[in-house]
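Below is one structure, written out as structure tokens; comments come after it.
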Amino acid sequence: MPRTDVMKQKGLTLVDAINEALEQEMHRDSRVVLLGEDVGANGGVFRVTEGLQKIFGKDRVIDTPLAESGIMGTAIGLAMAGMRPIPEIQFDGFLGPAYDQLTNHAARYRTRTRGAITIPLTVRVPVGGGIHAPELHSDSPEAIYAHTPGLKVVMPCTPVDAKGLLTSAIRDPDPVVFFEPKRVYRSFREEVPEEEYTIPIGHAKVVSEGTDLTVITWGASVFECLAAIDKLPEDVSVELIDLRTIYPIDLDTIVQSVQKTGRCVIVHEAPKTSGFGAEISSLIQEHCFLNLKAPVQRVAGFDTVMPYYKLELDYLPDSKRIAESVTQTLAY
Amino acid sequence: MPKKSVYKAEIEYLQVMDEQGVIDAAQSRNTLSDEEILELFKFMQQCRQLDEIAFKLQRSGRMGTYPQNKGQEAAAIGTAYAAKKGQDFLVPCYRENAALFMHGLPMHYVLLHWMGDERGNQIPEGVQQLPLCIPIGTQMLHATGIAWAFKMRKEPKVALTYFGDGATSEGDFHEAMNFASVFQVPCVFICQNNQWAISVPRETQMRSKTVAQKALAYEMPTYQVDGNDLLGVYKIAKECIDRARGGGGPSFIEAVTYRLADHTTADDARRYRDQKEVDAWLGRDPLIRLRKYLETKDLWDETKQKAAEERNKAIVAEVVKTAEGIEKPSFDDIFDFTFAALNPELEKQKRTARTSSLGQDPTQVGLASGEPVHQ
């Protein structure tokens with residue numbers, strides 16, 4: 001259970017676990033190819049693909065020209081023709097140029113061809129803030145892609161979940177956007193099974209069980225929530241849910257929890273308005289209306305452009321804001 | 001019908017001053033006077049000093065990620081000097097600081113940007129340039145649009161845009177070039193071909209033998225120049241800018257140069273490139289040849305060099321002091337530039353520093369009177 005004590009364990013980092021999943025899937029399935037900017041010789045700017053070109057060669061770990069739309073569009077073509085491409089988009093903000101290919105093409109092909117052409121594609125994207133990065137290197141656009149019919153959206157935050165979910169994503173018959181919270185790429189290690197395994201897409205994880213209030217989050221915010229829970233009085237019993245998959249959402253886990261606790265706080269880095277928290281909040285009122293003891297709360301990024309790093313920690317929901325919101329929701 | 005050739009093209013390479021600081025007399029017309037060379041050399045040294053110090057600031061934890069400009073200053077200065085300060089418009093990426101400084105950007109703005117402060121992008125009034133552009137290749141379209149507006153309003157102004165070899169792989173590059181060509185706008189496209197897009201060398205980035213030939217497809221005058229030769233760069237830039245100002249449309253310049261440093265301070269180029277290649281280019285540094293030239297003309301010597309180094313250290317120390325003396329922006333800064341006027345929800349988020357409705361309105365839970373949470 002990844003409470004704060006997990007951070008001292010030996011094992012793999014998130015980066016290591018993703019690398020291991022890629023390597024194992026590439027051994028298992030010769031159709032799997034990696035492509036992107038600097039993924040080959042350099043092993044990716046975050047070193048996620050480190051060493052893979054040495055093992056699998058330049059034909060399977062491909063340094064592409066510098067063109068995100070080109071990477072995404074040709075990956076779609078590769079997928080159509082029977083390959084299992086894994087494009088990397090170097091940073092969240094650089095999904096912009098690839099947006100048309102991803103949302104208007106990858107997401108729609110199965111529907112518009114009535115299943116004749118499908119796009120088994122896994123798009124890897126480092127996501128989120130908190131690492132003092134330059135502009136457009138710290139955004140959280142998951143809601144945009146969750147709002148795009150035809151895309152699955154995954155954002156694990158632990159090494160074990162990342163390896164299992166990435167393996168599922170690669171084997172999935174449809175396009176999956178696999179967001180990697182860069183803030184926790186190397187922040188802790190965890191024992192990860194050496195053999196290959198899958199964690200199904202669409203299943204949330206109850207990180208800690210509780211009875212008074214449910215906190216729902218994903219990505220690096222999971223660890224802010226853990227820190228917030230540590231700040232609360234010991235007799236407060238919080239159930240923490242790491243969504244892991246944004247879409248398709250695990251409604252059952254959410255509903256079961258909120259029907260039990262009657263109170264819910266949703267936490268995410270992305271801006272509040274039309275953030276994915278809004279969808280969760282709406283689902284809760286649809287399914288748990290009579291169980292609710294307090295309004296569902298959102299602790300999110302502000303409805304502003306992600307600030308440069310001098311102010312990024314003022315922007316990102318921190319444990320203090322989360323704890324305050326939990327306290328107020330409990331006191332309602 | 002027999003086959004016939006429908007298109008033939010040739011691209012010229014220009015070098016006016018070689019690596020030894022020797023000027024090709026036949027090419028030296030319409031370049032720079034010795035006085036100008038001296039002044040620009042001194043300016044280039046100052047920019048280099050800032051670049052070195054910026055690197056050290058990052059390494060000592062006083063600044064975030066920084067992309068060094070080292071070795072590419074001649075391409076920036078030669079083009080910017082050919083343009084009219086306060087009139088022509090610069091649209092940069094992030095490796096031509098010297099051009100921006102030359103056209104009036106205070107040096108500490110660039111440091112502020114990389115210190116994670118948007119005020120480094122708040123271009124002072126009268127300075128005709130856009131802020132640094134972090135994503136690759138998106139800015140050239142803006143340059144085309146700016147130049148288009150100049151044309152629409154019949155203003156005698158030119159837009160200059162800078163980008164790297166990697167950027168010419170982006171679709172936006174080709175769209176910018178095509179629009180500029182179709183509408184014959186006064187824009188000069190300046191590719192700093194520094195041979196590397198992070199870890200990807202130019203030969204892997206493209207099969208084209210030159211970057212300059214990409215402009216042929218857009219029927220644009222196109223040139224390849226030794227980008228470390230200040231005089232050659234200036235000469236071609238002047239020709240392109242004059243033509244654009246006179247209604248002759250856009251041009252393309254491939255300045256062949258080299259990224260002597262890592263891509264940014266977050267990069268380690270030793271992982272992917274041969275040090276021998278770097279060493280070979282160290283000798284082609286624009287500062288070296290300019291100094292050699294000036295020394296043969298008795299315009300520079302070791303005493304002047306020492307004095308210049310002291311002066312540049314003092315100037316840059318002052319720039320650093322200015323940048324570091326600027327306090328962290330206020331919390332309100334996150335909000336205040338989102339729109340011309342904030343809507344009620346943004347006002348509430350700003351006032352309460354909260355996004356939870358109970359937090360935005362604590363009276364709902366009877367916890368507080370609704371006083372601001374932050375401050």
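Hydrogens, waters and symmetry mates are skipped; everything else that's a heavy atom, side chains included, is used. A, B, ... follow the sequence lines: proteins, then strands. Residue 1 opens every chain.
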So for [X], is it side chain, backbone, both, or neither that comes closer than 4.5 Å to the heavy atoms of chain B?
X       : answer
E68(A)  : both
P134(A) : side chain
V45(A)  : side chain
Y315(A) : both
L311(A) : both

By a 4.5 Å heavy-atom criterion (distance strictly below it), what part of [X] contacts chain A: side chain, backbone, both, or neither?
X       : value
I198(B) : both
H263(B) : neither
D336(B) : neither
T338(B) : side chain
T264(B) : neither
M206(B) : neither
L342(B) : neither
L346(B) : side chain

Below 30° counts as parallel, above 60° as perpendicular, anything between as tilted: where do the rings of F276(A) and W218(A) land?
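Judged by the thresholds at 30° and 60°, the geometry between F276(A) and W218(A) is perpendicular.
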Relative to each other, are the rings of F302(A) and F331(B) parallel, tilted or perpendicular (30° and 60° limits)?
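Plane angle over 60°, so perpendicular.
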State, without any angle test, whether Q328(A) and Q364(B) hold a side-chain donor-acceptor pair at a distance under 3.5 Å.
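Result is no, nothing qualifies.
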Tell me, out of E37(A), E50(A), H137(A), who's got the most heavy-atom pairs with chain B below 4.5 Å.
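Option with the greatest count: E50(A).
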Validation row: F163(B), C133(B) side chains within 4.5 angstrom (heavy atoms):
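Sidechains of C133(B) and F163(B): no contact.
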Nearest-0.5 Å distance, NZ of residue K320(A) to CD of residue E324(A):
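The NZ atom of K320(A) sits 4.5 Å away from the CD atom of E324(A).
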To the nearest 0.5 angstrom, please state how far the OH atom of Y309(A) sits from the CH2 atom of W114(B).
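Taking OH in Y309(A) and CH2 in W114(B), the distance rounds to 10.5 Å.
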Result of checking R259(B), Q192(B), E96(B) against Q72(B) for side chain to side chain donor-acceptor pair (under 3.5 Å)
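For Q72(B), the side chain to side chain donor-acceptor pair (under 3.5 Å) test succeeds with only one of R259(B), Q192(B), E96(B), which is Q192(B).
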How about Y218(B) and F173(B): are their ring centres within less than 6.0 Å of each other?
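No - the distance between ring centres of Y218(B) and F173(B) does not fall below the 6.0 Å cut-off.
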Does K293(A) NZ have over 12 foreign heavy atoms under 6.0 Å away?
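Buried by this count: over 12 neighbours within 6.0 Å.
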